[in-house]
2 protein chains.
Amino acid sequence: MTIKEVCEKYDITADTLRYYERVGVIPEVTRTPGGIRDYQETDIAWVENAICFRDAGMPVEMLIEYVKLYQEGDSTIDARTNLLKEAREAILEARKKYDIALEKLDYKIGRYEIAQKTGVLTWTCDEDDKKKG
Amino acid sequence: MTIKEVCEKYDITADTLRYYERVGVIPEVTRTPGGIRDYQETDIAWVENAICFRDAGMPVEMLIEYVKLYQEGDSTIDARTNLLKEAREAILEARKKYDIALEKLDYKIGRYEIAQKTGVLTWTCDEDDKKKG
DNA sequence: TCTTGACTTGGAGTTAACTCCAAGTTGTAG
DNA sequence: CTACAACTTGGAGTTAACTCCAAGTCAAGA
């Protein structure tokens with residue numbers, strides 16, 4: 001699979017893919033004899049992981065560390081487990097914050113929609129932002 | 001409430017609070033006659049909102065836009081509602097990605113824990129990353 | 001009143017994560 | 001064999017969101 005195909009498949013730029021490889025977010029990608037990237041199943045799995053975890057806010061540094069440990073072999077299994085657990089906690093924490101924001105948004109949207117429907121503001125925005133967020 | 005107290009209450013730096021005010025993420029804060037920030041209930045509500053929405057990944061630009069619309073008065077209620085709905089969609093989208101990452105993490109952690117308990121790798125990490133992510 | 005520490009401003013600097021660029025190489029279609 | 005698009009590299013540039021700094025002002029205690 002060419003870099004272009006991978007880009008299209010995952011809606012990501014070639015620059016980002018090359019950057020991920022360069023800094024070690026993914027291991028070195030398989031090449032053709034001419035030196036052109038030819039993504040194999042394994043390479044693609046790493047790309048998929050990288051995108052998935054980046055999408056969840058996991059820092060590039062952490063992914064680099066994971067790949068480094070992975071390449072050091074079985075002796076790093078404990079370290080890798082810990083790293084993954086740490087990432088899990090961070091993601092759970094972040095998700096909690098998303099839920100709180102959603103609640104707040106829903107409350108505000110609800111208020112605004114009533115105002116729109118009735119054409120009347122039964123409350124001042126000031127009051128709303130002051131008392132209920 | 002002084003800037004320091006607000007910092008401590010929300011675990012945020014004074015620089016960030018001043019930055020938020022400067023760029024318009026929150027409206028101008030009440031001052032003492034001497035020009036020193038003296039956060040009132042309303043000011044604090046804005047700070048709380050800003051932190052909450054930033055924590056959910058809402059871009060600073062969007063918060064600035066909301067405050068701008070808010071200050072223009074009731075004629076911008078439709079625009080504000082749309083903005084909030086847009087933010088809501090973005091947060092829902094992001095949260096979905098967090099859930100996917102969590103699933104992947106849980107799967108990997110489960111595998112690693114079995115390896116740790118039994119002291120045996122019944123699978124190669126390569127295989128794991130290749131086939132199951 | 002003096003000191004001392006927290007506050008003020010505008011502007012410059014930093015960080016993470018890309019994103020772009022120039023100059024050169026590869027590979028496919030005609 | 002020749003174009004020509006797509007690929008390669010190292011390195012520089014950009015963006016969002018802070019974060020820090022210098023020079024000066026304010027306010028509470030001795």
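A note on names: the letters A, B, ... follow the listed sequences, proteins ahead of strands, and every chain is numbered from 1.
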**Residue-phosphate contact under 4.0 Å: Arg54(B) side-chain N/O, dA17(D) OP1/OP2** = yes
**Prompt:** Atom OH of Tyr19(B) and atom C1' of dT14(C): how far apart are they, to the nearest Å?
**Reply:** 13 Å
**Message:** Checking Tyr98(B) now: which residues fulfil ring pair (Phe, Tyr, Trp, His ring centres under 6.0 Å) with it, not counting sequence neighbours?
**Reply:** Tyr98(A)
**Request:** Could you identify which residues of residues 91-103 of chain A place a heavy atom less than 4.0 Å from some atom of DNA chain C, listed by residue number, or say none?
**Result:** none
**Message:** Taking Thr30(A)'s backbone N and O only, do any of them form a donor-acceptor pair with Gln40(A)'s side chain (distance below 3.5 Å, no angle check)?
**Reply:** no
**Request:** Find which nucleotide of DNA chain D each of Gly35(B) and Gly35(A) is nearest to by heavy atoms, and output the residue with the more 5' nucleotide.
**Result:** Gly35(A)
**Message:** Nearest whole Å is fine: how far is dT14(D) C1' from Glu61(B) CD?
**Reply:** 16 Å
**Length of the CD-P vector between Glu21(A) and dA17(C), whole Å** = 18 Å
**Item:** Protein-nucleotide distance (Ile51(A), atom CD1; dA17(C), atom P), rounded to Å
**Value:** 15 Å
**Prompt:** Within the pair Thr16(B) and dA17(D), is there a side-chain N or O less than 4.0 Å away from OP1 or OP2?
**Reply:** no
**Fill in**
Ile3(A) atom CD1 is separated from dT19(C) atom P, nearest whole Å, by 14 Å
**Name of the residue among Tyr39(B), Tyr70(B), Tyr10(B) meeting ring pair (Phe, Tyr, Trp, His ring centres under 6.0 Å) with Trp46(B)** = Tyr70(B)
**Prompt:** Within the side chain of Gln71(B), is there an N or O that forms a donor-acceptor pair under 3.5 Å with the backbone of Pro27(B)?
**Reply:** no
**Prompt:** So, the side chain of Thr2(A) versus the backbone of Glu5(A): is there a donor-acceptor pair under 3.5 Å, distance only?
**Reply:** yes
**Request:** Please state how far atom CG in Leu17(B) lies from atom P in dC20(D), giving the value in whole angstrom units.
**Result:** 14 Å
**Asked** Does Thr32(B) use its side chain to pair, donor to acceptor, with the backbone of Ile36(B) at less than 3.5 Å?
**Response** yes
**Residue among Glu21(B), Glu28(B), Lys4(B), Met1(B) satisfying side-chain contact (heavy atoms from CB on, under 4.5 Å) with Arg37(B)** = Glu21(B)
**Asked** Looking at Thr32(A), does any N or O in its side chain come under 4.0 Å of the phosphate oxygens OP1/OP2 on dG27(C)?
**Response** yes
**Prompt:** For Thr2(B) and dA6(C), is the shortest distance between a side-chain N/O and OP1 or OP2 below 4.0 Å?
**Reply:** no
**Request:** Measure from CD1 on Ile64(A) to C1' on dA16(C) and round the result to the nearest Å.
**Result:** 11 Å
**Request:** Answer with base, sugar-phosphate or nothing: what part of the nucleic acid does Arg18(A) contact at a heavy-atom distance below 4.0 Å?
**Result:** base
**Request:** Quickly work out the Asp15(A) CG to dA12(D) C1' distance and round it to whole Å.
**Result:** 13 Å
**Fill in**
Against the side chain of Ile36(B), the closest entry in dC7(C), dA17(C), dC20(C) is dC7(C)
**Request:** Look at the aromatic rings of Tyr112(B) and Tyr66(A) and report parallel, tilted or perpendicular, splitting at 30° and 60°.
**Result:** perpendicular
**Request:** Counting heavy atoms from C-beta on, name the nucleotide in dA17(C), dC21(D), dC7(D) closest to the side chain of Lys4(A).
**Result:** dC7(D)
**Message:** Heavy atoms from C-beta onward define the side chain here; which of dC26(D), dA6(C), dT9(D) lies closest to that of Arg37(A)?
**Reply:** dT9(D)
**Prompt:** Any side-chain N or O of Arg22(B) less than 4.0 Å from the OP1 or OP2 oxygen of dG10(C)?
**Reply:** no
**Message:** For dC18(D) and Tyr20(B) - does any side-chain N or O of the residue sit under 4.0 Å from the phosphate oxygens OP1/OP2?
**Reply:** yes
**Prompt:** Taking the side chain of Arg31(A) as heavy atoms from C-beta outward, which of dT8(D), dC7(C), dA17(C) is closest to it?
**Reply:** dT8(D)
